[in-house]
Amino acid sequence: DNRYVNTADLRVSGVDLTANWGFDLGDGRIALGASGSWILAYEQRVTPTAAAVDRAGVANFPVEFRGRLTADWTRGPLTVGAALNHVSAYEDALGTRIAAQPSVDLQLRWAPAVRGPLQGLGARLTVRNAFDRAPPFYDNVAGVAYDPANADPVGRFVSLQLTRDW
């Protein structure tokens, strides 16, 4: 019987936390944020009678921890922000360690004016992966030297977004 049968089982457990805090500082406002996801178990069975295998923290499956810290300072229509991203170290199927992946994002935002000739205009300059960090090396059988499930091969990326509300 060569029919395809959906018999696999996947059980995932974890914790997601998010915290935000803001306060006034002089003529501006500071906004701080933190978010994190912890995968406690990512148990996979290929058949109902197969033993469960925990794949958390293994290449091509979710890493055990992924987090982001943010800080924004706003004064009038201008906001300057920074974010620190972290993907925890993990292993390939043979147990070889794949390094953690920290990166920094920067952003400069100008909010639309409420009144006047520039009403409804806005701009945002974003620099993702500001320090141009390459993904950690992973000897992938697909022939690429990174884990596409957990890493981004795009280096520093700069974008400018202009918006108009009406």
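Here the structure is a predicted model, which is why all the values come from computation and not from measurement.
Val127 meets the side chain to side chain contact (heavy atoms under 4.5 Å, CB included) test with Leu106, Ala130, Arg156, Val158; sequence neighbours excluded. Considering only residues two or more places apart in sequence or on other chains, Ala50 meets the side chain to side chain contact (heavy atoms under 4.5 Å, CB included) condition with Val46, Thr47.
In summary, the side chains of Tyr90 and Asn60 do not present any donor paired with an acceptor at a separation below 3.5 Å, with no hydrogens or angles considered. Using modelled atom types and a 3.5 Å distance limit, the side chains of Asn85 and Ser103 yield a donor-acceptor pair. Gln107 and Thr126 share a donor-acceptor pair across their side chains, judged by distance under 3.5 Å alone.
Through direct or relayed side-chain contacts under 4.5 Å between Ile, Leu, Val, Met, Phe, Trp and Tyr, Phe137 connects to no other residue. Members clustered with Tyr146: Val144, by chain and number, using a 4.5 Å side-chain heavy-atom cutoff among hydrophobic residues. Its side chain within the 4.5 Å cluster rule, Val154 clusters with Phe157 among the Ile, Leu, Val, Met, Phe, Trp and Tyr residues.
Between Arg66 and Ser88, the closest side-chain pair of non-hydrogen atoms is not below 4.5 Å. Within the 4.5 Å cutoff, the side chain of Val58 has no heavy atoms near those of the Tyr42 side chain. No side-chain heavy atom of Trp110 sits less than 4.5 Å from a side-chain heavy atom of Thr79.
What you find for Gln101 and Pro136 is that their closest heavy atoms are CG-CD, 3.2 Å. Between Pro153 and Pro135, the shortest heavy-atom distance links the atoms CA-CG, 3.9 Å.
A distance of 14.0 Å separates CZ in Arg68 from NE2 in His86, rounded to the nearest 0.5 Å. From Glu43, atom CD reaches atom CZ of Arg11 across 8.5 Å, with rounding to the nearest 0.5 Å. Distance check: Ile98 CD1 to Asp147 CG gives 6.0 Å after rounding to the nearest 0.5 Å. Rounding to the nearest 0.5 Å places CD1 of Ile30 at 8.0 Å from OG1 of Thr74. Separation of atoms CG (Asp152) and CZ (Arg128) is listed at 4.5 Å; rounding is to 0.5 Å. To the nearest 0.5 angstrom, Ile39 atom CD1 is 12.5 Å from Phe61 atom CZ.
Between the side chain of Arg133 and the main chain of Pro102, a donor-acceptor pair closer than 3.5 Å is present. For Asp105 (side chain) and Asn129 (main-chain N/O), a donor-acceptor pair under 3.5 Å exists by modelled atom type.
Among residues at least two apart or in separate chains, side-chain hydrogen bond (donor to acceptor under 3.5 Å, both in side chains) pairs with a member in residues 14-23 are Asp16-Ser37.
At a threshold of 4.5 Å between side-chain heavy atoms, the hydrophobic network of Ile, Leu, Val, Met, Phe, Trp and Tyr places Val104 and Leu108 in one connected group. Taken together through direct or relayed side-chain contacts under 4.5 Å among Ile, Leu, Val, Met, Phe, Trp and Tyr, Val12 and Trp38 form parts of separate hydrophobic clusters.
Arg75 and Asp27 are joined by a salt bridge, as a carboxylate oxygen and a charged side-chain nitrogen come within less than 4.0 angstrom of each other. Taking a cutoff of 4.0 Å between a charged side-chain nitrogen and a carboxylate oxygen, Arg29 and Asp72 do not qualify as a salt bridge. A salt bridge between Arg97 and Asp92 is absent, with no side-chain N of the basic residue lying under 4.0 Å from a carboxylate O of the acidic one.
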